[in-house]
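Following: one structure in structure tokens, then a few remarks.
The chains referred to below are lettered A, B, ... by the order of the sequence lines, with proteins before strands, and numbering in each begins at 1.
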There are 2 protein chains.
Amino acid sequence: MSVSDEKAALDVSGIQKAVRWYPPKYDIRVEAVPIPQIIDPDDAIVKVKLAGLCGSDLHIYRGHEDVDADLTCGHELIGEVVALGPSFRPDATGRPELYSTLKVGDKVVSPFTVSCGECHFCRIGFTCRCIHSCLFGIPTLPGGQAQYARIPKAGGTLFNLSSLQSSSGSGEQPWDLSKLSDSSLLLLADILPTGVFAAMQALQHPKIAPILTGKPYPYGGFVPSSPVGQAQASTALQEGDKLLTIGIVGLGPVGVCATVSLLDILAGLGASQGLQYQVIAIDPIESRRTKMEAVYNAIDVSGKGSGRFAVASIEDGKKLASGWTNGAGCNAVLEVVGNNSALTLAYDIVRPFGIISSVGVHQEPPIPFTGRDVYNKNVSFDFGRCPVRAMFPIALEILLKRQDVFGGVGKEASLIDRIVSFDEAPQVYEDFDKGRCGKILFDPWR
Amino acid sequence: MSVSDEKAALDVSGIQKAVRWYPPKYDIRVEAVPIPQIIDPDDAIVKVKLAGLCGSDLHIYRGHEDVDADLTCGHELIGEVVALGPSFRPDATGRPELYSTLKVGDKVVSPFTVSCGECHFCRIGFTCRCIHSCLFGIPTLPGGQAQYARIPKAGGTLFNLSSLQSSSGSGEQPWDLSKLSDSSLLLLADILPTGVFAAMQALQHPKIAPILTGKPYPYGGFVPSSPVGQAQASTALQEGDKLLTIGIVGLGPVGVCATVSLLDILAGLGASQGLQYQVIAIDPIESRRTKMEAVYNAIDVSGKGSGRFAVASIEDGKKLASGWTNGAGCNAVLEVVGNNSALTLAYDIVRPFGIISSVGVHQEPPIPFTGRDVYNKNVSFDFGRCPVRAMFPIALEILLKRQDVFGGVGKEASLIDRIVSFDEAPQVYEDFDKGRCGKILFDPWR
Ligand SMILES: NC(=O)c1ccc[n+]([C@@H]2O[C@H](COP(=O)([O-])OP(=O)(O)OC[C@H]3O[C@@H](n4cnc5c(N)ncnc54)[C@H](O)[C@@H]3O)[C@@H](O)[C@H]2O)c1
Ligand SMILES: NC(=O)c1ccc[n+]([C@@H]2O[C@H](COP(=O)([O-])OP(=O)(O)OC[C@H]3O[C@@H](n4cnc5c(N)ncnc54)[C@H](O)[C@@H]3O)[C@@H](O)[C@H]2O)c1
Ligand SMILES: [Zn+2]
Ligand SMILES: [Zn+2]
Ligand SMILES: [Zn+2]
Ligand SMILES: [Zn+2]
């Protein structure tokens, strides 16, 4: 089939259903809009199988993002490639292999931002800050809560599940994706990689290295070796020093993903490096805590090892962070909320030389710390957007292991509450905004 | 000589000269005060040979620290142990080896804070946040600008140069300290380790790892290996990706130390890993820039490799940070000032996924960023106090290599401007505060 045939496979004159938002806020409508067309040689058109509703959609929904034009919502989708621009021909020149290997019919997940796969930022893995970066679900780039979506720079942007089946994972085992439901694969579009990112930012920080490596700061990093004798600052590390206490602030869908990912990595580090851990997962909303507890109970021992774990309200979380650490506080805190009360809580429960790994999307207000606060605690912060495209493989490995949590829909321990039709969009946006439900997916064809 | 003899060696009834500060601000007096005595078994009394005047002294001098009692100034000293508490007897029990090896007569440098060498924070190298941490030069712990100083937890706190002579450095070479002047060793008390710390925080950050290792994020850290094939997010790294652009904001004595340390480490990474670098050193004061240029010119090629280096005003620095990086900005910025204008400049010139390594001592004002600022750039921050005691060995290796810069006094390329008597204290505090001089040391016996 030639490229023009492929394009022809899509009814270019058609219209489709989409979930649309109107300014200034809270105005969700289901509308008929034109099916998107290829407008750049690097574009793909994807027929959407499932689209997610996400905490990040709420920032626009609530009118916090200063958007003044209507838009097609959503930035999480899984689907099938139905048309490709000319850059994807096998004989196209000047495009990297990622482009020539994408085919019509491939099953794909799209991360929530465009990434070309070619620029310096993409090459070093900071895909969400690609020089061509663009967020789905803004007025200039219609989102995934539609029957079809246009994906710019599709060779770099899309995660090609079909070609992955025949490829191999880490440890050179072939990836077996057959047991994965579409609803669980949809989580790769954003929230699972973002959860992994939150955990990894904390655990890879050089201030954590002494606990993991048993070498005192600053020798855990690239500095060759520790000079001996009196050059030492202290007595040797003791067995009890290999204890990490980590807080998670916010147990929405992303916070649950962060917690599951963190436990998985900590269990691995415990097995390989003798690490002990204590994890404190905090949310003020009881239903969110109940979900987190059910998810935790569903994880088998290989995914959580033998550390200490608690789900707590804000007040209880503060008490545990102090009580479990002789008053020192957490080595790291994952902030998965996106407001200043969460950042303040993270600061309160972090210890000196601790890390705040913040993936919450923060808005206009100044961040709530004085210079003295941050100096006096030697705090490290990592802020910002997850480079989802770069985190896919690690997230996929966790997804494969954690079908107990991510596989089902609507069960007590399922992260995903329901799969609904677009007609329910106004209602589920409102419910999700009020914390009355967990993760919701849309089936555009229902 | 028994411990009581040792104590007797010091005239306990004597008085000494000291530089003292009176609230609310700018009030420096040279006074006669009692010689400090051993009051805790872990104390040492050190006879001060040289004491430093430092940018950190200016925070108290200017009345920014809310101190309302008079105090003996200073937190940088080199000297000789003249008395030790009972914990240091060879037969004392319950104290680590660092205590039993310290002797009367040993030549020592004290970091600017107390660290016991025993607690968890000390063991993992975060010595400046020791559970017994205390800053020298506050009302409750008289500082080093005196003829004698009491050093709490002296086994952990003091860096013992005498015992180091007979010990070995990295690469198992014995340390040869004979060519080091006391004035250069004094820099180990604070500003050289702090400069190294500023550089290392940036270079050891996982967001720099892709540039150093050639592996895309997040695989530079402890994550085992990169899954292959379509799991990749992008094309492979290219030769040109191994380029680091680093800004230094503030060229006071600490900023110069940070720059020299950074260049030394970058030269090493260039030699071992083929790294290219660009360094932009920024200060609004011309005399500070002139000093930085002279220092740079004095460094031989082994200490700076073949990267690109510029000293710049604020405006020129902004232009270079953009011009040298196709508008992307610096991979990391070292903030070595301690005010919000410097933090704002650091943010302006850092690129997405960049790091701000802040060692400036910040005060009451809120840090000057909105949530959107930090989210949108994926900025990482490291704030706080240098764990000087843990950084000593690395700083000492740089000091040994960089006698061209740190060895002399009063020459064009010398970091240290003058060694003066206490009588000049009121004048040099004023001059240093106004940026009219560089690093000044006091000789308490002059
Ligand atoms: N960095 C990224 O790339 C990225 C990607 C996806 C989502 N996000 C962001 O992650 C955040 C979480 O997403 P979500 O879908 O889970 O959102 P959500 O709104 O469903 O969940 C947020 C949770 O935080 C809790 N919370 C509120 N204030 C709190 C406080 N002070 N302490 C503890 N918990 C508190 C709420 O009760 C709620 O359960 C959002 O800001 C979202 O935009 C960021
Ligand atoms: N973190 C630590 O452990 C530690 C240790 C020692 C010193 N310090 C702090 O490091 C800082 C620097 O110390 P110093 O002795 O070099 O101080 P200094 O006052 O001599 O030098 C500061 C320099 O910053 C410059 N400057 C001011 N505003 C600037 C701006 N917006 N952009 C660029 N440069 C600007 C000034 O012109 C000056 O040359 C101080 O805050 C000091 O307290 C911290
Ligand atoms: Zn999302
Ligand atoms: Zn790109
Ligand atoms: Zn100092
Ligand atoms: Zn200690």
_For chain A, the option from B/L237, B/V359, B/I355 that forms the most heavy-atom pairs under 4.5 Å_ = B/L237

_Interface moiety of A/T127 toward chain B, non-hydrogen atoms closer than 4.5 Å_ = side chain

*Measuring from A/F121:CZ to B/N378:CG, what's the distance to the nearest 0.5 Å?*
10.0 Å

*Approximate separation, where rounding is to 0.5 Å, of B/I124 CD1 and A/I211 CD1*: 4.0 Å

*What heavy-atom pair brings B/M391 and A/P218 nearest, and what distance separates the two atoms?*
SD-CG, 3.7 Å

*If you draw a 6.0 Å radius around CD in A/E239, do more than 12 non-hydrogen atoms from other residues or ligands fall strictly inside?*
no

*Residues that B/F383 engages under ring pair (Phe, Tyr, Trp, His ring centres under 6.0 Å), provided they are two or more places apart*: B/F381

*Measuring heavy-atom distances to chain B, does A/V361 have an atom under 4.5 Å in its side chain, in its backbone, in both, or in neither?*
both

*Could I get the full list of side chain to side chain contact (heavy atoms under 4.5 Å, CB included) partners for A/T370, not counting sequence neighbours?*
A/R372, A/D373, B/E364

*Between B/Y217 and A/Q201, what is the shortest heavy-atom contact and its length?*
OH-CG, 3.7 Å

*Between A/K377, A/H120, A/R385, which shows the greatest number of heavy-atom pairs under 4.5 Å with chain B?*
A/R385

*Write down the atom of B/G125, the atom of A/P216, and the distance for their closest heavy-atom approach.*
N-CB, 4.0 Å

*Would you call A/D382 and B/K207 a side-chain contact if the rule is heavy atoms closer than 4.5 Å?*
yes

*asked:* If I compare all heavy atoms of A/P210 with all of B/F126, which pair ends up nearest, and what's the gap?
replied: CG-CZ, 4.2 Å

_For a quick test of reading the model, state the closest non-hydrogen atom pair linking A/C122 to B/S234 and the distance between them._
O-OG, 3.0 Å

*What part of B/H59 lies closer than 4.5 angstrom to a heavy atom of chain A: side chain, backbone, both or neither?*
neither

_Among A/I356, A/L396, A/V374, A/L343, which residue has the highest count of heavy-atom pairs closer than 4.5 Å to chain B?_
A/V374

*asked:* Let me confirm one number: the NE2-CZ distance from B/H362 to A/F369, rounded to the nearest 0.5 Å.
replied: 15.0 Å

*Part of A/C128 lying under 4.5 Å from any heavy atom of chain B*: side chain

*Let me know if A/V196 has heavy atoms under 4.5 Å from chain B in its side chain, its backbone, both or neither.*
neither

_Greatest number of heavy atom pairs closer than 4.5 Å to chain A - which of B/S358, B/G117, B/P368_ = B/G117

*Mind listing the closest non-hydrogen atom pair of A/R129 and B/N376 along with its distance?*
CZ-O, 3.0 Å

*Of the backbone (N, CA, C, O) and the side chain (C-beta and beyond), which part of B/P365 lies under 4.5 Å from a heavy atom of chain A, both, or neither?*
backbone

